[in-house]
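Beneath this line is the structure, given in structure tokens, with notes to follow.
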Amino acid sequence: MSMYKKGRGARKVDTGKDEDGDKKVSSALLRLTKDFTDLDVPAKLAKLVRDEKDPMNFSFVITPDTGYWKGGVYEFTFNVPNDYPFKEPKVKCIDKIYHSNINYEGAVCVNILRPWKSIYTIQMVLLALLFLFADPNPMDVLEKEPAEVMRKDVQQVARNVIAAMKGQSVGGVSFPKNRGNIK
């Protein structure tokens, strides 16, 4: 079997294997491996959860130690495209949260993901997520109600976050009890 297309503009066909027949490692996976090697985040704030069989999909379990969400536990899934780092990872919070920058379906509004630049790393995305817990932005929002409350009454935001973390309804929205250590 030929590894070349026939005809005008013929190019080598990517078989997914190198010259010895071994499986190739994609440039995205090589970059992701470097990103993992370079990670420098305190274990008490974020834990990486990986499946070696599917390295392009992983999650971070974040436990904020300051701010409104202190003591909560939130998992963010990362789906890294095959053209990473030229395309951004898709990030989603799988725990329902009362937050102006994370909607109830888990979409995340974090400035580093738009516009994405190939020099950005997983570490930078993780730090941006941690920053959302320390300093939420009520001006660049995905959920209007938490943002409006935050702009008007920060003490009410604190009460609403705690109520949501305890599994209560806030603003007509039901939240499951967070698995963290809520005080």
Nearest heavy-atom pair of Ile119 and Arg31: which atoms, and what distance?
O-NH2, 3.8 Å
Would you give the length of the straight line joining atom NZ of Lys144 to atom OG of Ser100, rounded to the nearest 0.5 angstrom?
13.5 Å
Can you tell if the side chain of Met165 reaches within under 4.5 Å of the side chain of Ile97, non-hydrogen atoms only?
no
Among Asn181, Asn178, Ile182, whose side-chain contact (heavy atoms from CB on, under 4.5 Å) with Val73 holds?
Asn178
Kindly say whether Pro138 contributes a backbone atom to a donor-acceptor pair with the side chain of Arg151 at under 3.5 angstrom?
yes
Measure from the ring center of Phe78 to the ring center of Phe58 and say whether it is less than 6.0 Å.
yes
Any non-hydrogen side-chain atom of Tyr104 less than 4.5 Å from a side-chain atom of Pro146?
yes
Would you say the side-chain atoms of Thr121 pair up with the backbone N or O of Met124, donor to acceptor, closer than 3.5 Å?
yes
Let's go through Asp153 and Arg159 carefully: what are the C-alpha distance in whole Å and the side-chain angles of both, what is the deciding distance for side chain to side chain contact (heavy atoms under 4.5 Å, CB included) to 0.1 Å, and is it a yes or a no?
CA-CA 10 Å; Asp153 185 353; Arg159 290 189 294 271; 3.9 Å; yes
Check: Asp40 main-chain N/O paired with Gln123 side-chain donor or acceptor under 3.5 Å
yes
Which atom pair, heavy atoms only, marks the closest approach of Val110 to Ala128?
CG2-CB, 3.2 Å
Do the side chains of Arg50 and Phe36 get nearer than 4.5 Å, heavy atoms only?
yes
Between Cys93 and Val108, what is the shortest heavy-atom contact and its length?
N-CG2, 4.1 Å
I need the Met150 CE to Glu145 CD distance, nearest 0.5 Å.
10.5 Å
Take Tyr68 and Tyr98 through the ring-ring contact (aromatic ring centres under 6.0 Å, His included) test and state the conclusion after the steps.
CA-CA 10 Å; Tyr68 301 118; Tyr98 182 85; 9.3 Å; no
Heavy-atom side-chain contact between Leu45 and Thr63 under 4.5 Å
no
Assigning hydrophobic clusters by single linkage (Ile, Leu, Val, Met, Phe, Trp, Tyr; side-chain heavy-atom cutoff under 4.5 Å), is Ile102 placed with Leu127?
yes
CA sep, side-chain torsions, deciding dist, call: Met56, Leu32, side chain to side chain contact (heavy atoms under 4.5 Å, CB included)
CA-CA 8 Å; Met56 302 300 279; Leu32 189 56; 3.8 Å; yes
What are the two closest heavy atoms between Val170 and Ala163, and how far apart are they?
CG2-CB, 3.9 Å
Using atom types as modelled and distance alone, determine if a side-chain donor or acceptor of Trp116 lies under 3.5 Å from a backbone N or O of Pro85.
yes
So do Val125 and Tyr120 actually touch side chain to side chain, heavy atoms under 4.5 Å?
no
Say whether, by atom type as modelled, one donor and one acceptor occur between the side chain of Asn103 and the main chain of Gly106 under 3.5 angstrom.
yes
Looking only at atom types and distance, does a side-chain atom of Glu75 sit under 3.5 Å from a main-chain N or O of Ser59, one as donor and one as acceptor?
no
Criterion side chain to side chain contact (heavy atoms under 4.5 Å, CB included) on Val41 and Leu130, from CA distance to verdict:
CA-CA 10 Å; Val41 177; Leu130 290 168; 4.0 Å; yes
Sequence neighbours excluded, which residues qualify as salt bridge (charged side-chain N to carboxylate O under 4.0 Å, His left out) partners of Asp65?
Lys44
Tell me, with the steps shown, if Phe76 and Ile94 meet side chain to side chain contact (heavy atoms under 4.5 Å, CB included).
CA-CA 6 Å; Phe76 290 84; Ile94 62 171; over 6 Å; no
Of all the heavy-atom pairs spanning Pro64 and Tyr74, show the shortest one and how long it is.
CD-CD1, 4.3 Å
We want to know whether Tyr84 and Asp35 form a side-chain donor-acceptor pair, criterion being a heavy-atom distance below 3.5 angstrom.
yes
So, Asn101 versus Asn137: side-chain donor-acceptor pair below 3.5 Å or not?
no
Within 6.0 Å of NZ in Lys177, more than 12 heavy atoms from elsewhere:
yes
Close side-chain approach of Phe60 to Leu129, heavy-atom, < 4.5 Å
no
Atom CD of Glu88 and atom CD1 of Ile112: how far apart are they, to the nearest 0.5 Å?
11.0 Å
How far apart are the closest heavy atoms of Leu126 and Leu39, and which atoms are they?
CD2-CD2, 4.4 Å
Taking the side chain from His99 and the backbone from Leu132, do they hold a donor-acceptor pair closer than 3.5 Å?
yes
Just wondering, more than 12 heavy atoms not from Asn82 lying within 6.0 Å of its CG?
no
